[in-house]
Amino acid sequence: MRLVLAEDLYLLREGLSRLLAAHGFDVVAAVETGPELLRALIDLRPDVAVVDVRLPPTQTDEGLQAALAARREVPGLPVLVLSQHVEQLYARELLADGTGGVGYLLKDRVFAADQFVDAVRRVAAGGTAMDPEVIAKLLAGTTRAEPLQRLTPRERDVLELMGEGRSNVAIAQRLYLSESAVGKHIASIFSKLGLAPSDDDNRRVLAVLAYLNADSR
Amino acid sequence: MTTPRISRHLISVVRGLALTALAVAEALAFLLHMAAFVPGFGLGLVFLLPGPIVATRRVPNLARRLAGAWGGVDIPEPYRPAPPPPVPGPDGLYVRDRQLYKTPRVPAFMARLDWVLGDRATWRDLRWLLIDPVVGGVLAGAPAALVAAGIWYAVTGVHANWWAVPLGLLVILAGLAVAPALLWVHARWTRLMLRPLVHGPAAERRWRWVGERFIVLVRLLALAVLTLLGFPLAVLMLLVFALAVVLGLIVLFPPVVEQVRLLANLRRRLAGRWSGVEVASPYLPRPAPPDRRPDGLFQVGRHLYKSPRVVAYNQRLIWMRRDPATWRDFGWQLTDPIVGGLLLLLPLGAIGYGIWGLALPRALTLVGLKPDTGADWYGAVAGSAAAAVPVGLALAVLGVLVAPAALRWHGRWTRLLLAPTARSQLALRVQRLTETRADAVEVQAAELRRIERDLHDGAQARLVAMGLTLGAIEHLLDRDPAAARALLAEARESSAKALGELRDLVRGIHPPVLAERGLGDAIRALALDTPLPAEVRVDLPGRLPSPVESAVYFAVSEVLTNAVKHARATWVSVELRHTDELLRITVHDDGQGGADPARGSGLRGLQRRLATFDGTIEVNSPAGGPTTVILEVPCALSSPKTSTS
């Protein structure tokens, strides 16, 4: 799988490059600045990109802006955004266009190599990979608190993992449940929140995230 | 031919009677208005007002219709169209007078009130309701009254005099004869009072000019009264001076100074409001009471005192004595009755003498109401009474024309002696800068201490623990790999936690989103993190200086936290706006209010931190009511940010 990496810290860039290469990705470009990243994304059309939010020259949110611009040019271009801190604001912007293939993780997550690579693969396949901290904050917002309180604790766990973009199998593994139990929980969640059920993993995750995002703010 | 004519006259008489009955209804309507106005305006129960006024519009409308039907004059309705129902903004809230409402009830009511009370036709209707029962009632009822009088006279006088019946018949005929004509006059009278009045722009200007002049004269009068009140105070002041200097009795000094300051402040405010001349307060701030010295005594200047009360008194004395503004106030108090009084006297005296001294007495004498005693100065000019009226009127007109200028000059005179001198302004500014600099330095030192503490207890401690774990792993690697593996997981978790704590620390120093996106988006992110539904409106065409952004961000953060923790609000709104080199942030929540900078230390700390940027914080938080906090910071915008997307 062809991958573009954007990270301005030398050590981290080398480390991630080696990690991803070791897991079977072909790192076609490892760039350091925002403009370079935008060019690489549009010209090379990789299967997935791993991008740091903060990049030179302005050291503001260059990486995020380049990712959004590239996705406007190439709809559905899978991008996984890494950051030292997660902001709900950025998560909303990434999810705003409603197409899948987007991820937003804390840089800490690269410590757990397997999980990280799994997230990259998920995003490359068109799914989502949202950091658990972002999901937790979204769930804590009170405009949707009332229906959310109707969920059982188990259902909340399933909802959080679903928001991170994991598949039924992955959820079942994490929570030590059977796949059919997970399926039943998901059906119950969707009916309690008033969402239309969907078999497509991507679409249902996007539906859940859109539900959590959408409010009168 | 005569029959239709007589029937026409009879019909007119009957119509006249109907209009007289309407006149009675008008009087009742007027009373109804008064009954609504007294509590409505007097007690402030404005919700009583629109209803009766709109309902009683039926009475003049009926009069208009009848004038059209019976009198042949068409009187269109002069009322402004009713206001449309309020439209919610994109956020679902209704805006009225710079305040937001959740339901349209209050804005709709206020729009209706403005519509009714602001329409000149309402007040003209009221005037008509007062006058018409008299004028219109007489006009309409005269024919019927004549007829009735004629009948009564004929009936009662038929036995006494032979001419009663013919005279009575004559009166009846007279009544019948004039009926249509009076009806015609009544209709024209109604049209005069009730038609829509469209003032040309010239007429508007004239009325406004008259209204303004009137207000100016009232203000001059009020100032004259105040100046008169200054007389006894000036005398008292001189007396106290004499006592202090001659007998050494200074005990009355502070109270007199306070009174003079009170009056002077009032005059400063009035000069600002009425003359348009802003006069700032020049007084030095009260000194803080001294602390006890180690030997238990208090020190004020070079004196030592035992009791704090005497200390307070002496401090007050010295504070007043040292302030040059006190002495300038005294000078003003002595000279104002002369100079200021003269300025006021010019227009008022011209008008007063012109009308009451010259024109009116002469006019009354001419008309014969006043005996011409030949008094040579009152009602006469230079010995001759002929020119009194024109000269008097000319004087009055002159006075009216000069009045606004006199008011302005009076304000300038007030500013001359009562405004702070350049030196005292400088001294005040230096004092303020000293205070805010001390605050800024203290805040920064406290911040650094906090960072040091958080690093020491948090991240540093964790890194130390991680080092220990790694050492243990190194030790166990050969001997017990399974335990080593478990410890490795622990080390990884420690590092993740350390990262988390550093993240929180960084957010407390300078939030990354503030550096990356600027104040607007940072506040939006803050709003997203608030547990309450929050709504943010941003109107910032550029970026602000970084320290201002930081201070404002933390200030808004604290205000939002207060809204969540103490106010128990259900929603909160934040608005950022930058106009005229001033950044203004308005935070509004619908909680239980009661926030008071004097009580809580949080708001007081915010005030001090914003004061280092010359910013202010205004808290409007009645107990039980919604809270609005307004932060204002003067600052310039840098060039508008160029979008990278």
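Chain letters run A, B, ... following the sequence lines, proteins first and then strands; every chain starts at 1.
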Problem set entry | Exceeds 12 heavy-atom contacts within 6.0 angstrom, atom CD of A/E14 | yes
Exercise. Most heavy-atom pairs under 4.5 angstrom with chain A, which of B/V536, B/L502, B/V506, B/L499?
Worked result: B/L499
Seminar exercise, completed: Rounded to the nearest 0.5 Å, the CG atom of B/D521 sits from the CG atom of A/D61 at a distance of 8.0 Å
Exercise. Which distance, rounded to the nearest 0.5 Å, do you find between the CD of A/Q65 and the CZ of B/R517?
Worked result: 5.0 Å
For this session: Report, as yes or no, whether the 6.0 Å neighbourhood of atom CZ on B/R105 holds more than 12 heavy atoms from other residues, nucleotides or ligands.
Result: no
Exercise. Chain B heavy atoms under 4.5 Å from A/A112: which part of the residue, side chain, backbone, both or neither?
Worked result: both
Exercise. Does the side chain of B/L528 reach to within under 4.5 Å of the side chain of A/R92, using non-hydrogen atoms?
Worked result: yes
Exercise. Hey, is CD on B/E493 packed in by over 12 heavy atoms from elsewhere, all under 6.0 Å?
Worked result: no
For this session: Please say whether more than 12 non-hydrogen atoms of neighbouring residues, nucleotides or ligands are located less than 6.0 Å from CD in B/E447.
Result: yes
Exercise. Can you name the side chain to side chain contact (heavy atoms under 4.5 Å, CB included) partners of A/V110, sequence neighbours left out?
Worked result: A/L16, A/L82, A/F116
Exercise. Any salt bridge between B/R507 and A/E87, counting N to O under 4.0 Å?
Worked result: yes
Problem set entry | Part of A/R109 within contact of chain B (heavy atom distance under 4.5 Å) | neither
Seminar exercise, completed: Most heavy-atom pairs under 4.5 Å with chain A, out of B/P512, B/A525, B/A515, belong to B/P512
For this session: Counting only heavy atoms closer than 4.5 Å, note whether A/L38 contacts chain B via side chain, backbone, both or neither.
Result: neither
Exercise. Would you call B/E516 and A/V53 a side-chain contact if the rule is heavy atoms closer than 4.5 Å?
Worked result: yes
Exercise. Hey, what do you get for CG (A/L89) to CG (B/D529), rounding to the nearest 0.5 Å?
Worked result: 9.5 Å
Seminar exercise, completed: Residues passing the side-chain hydrogen bond (donor to acceptor under 3.5 Å, both in side chains) test with A/S17, sequence neighbours excluded, are none
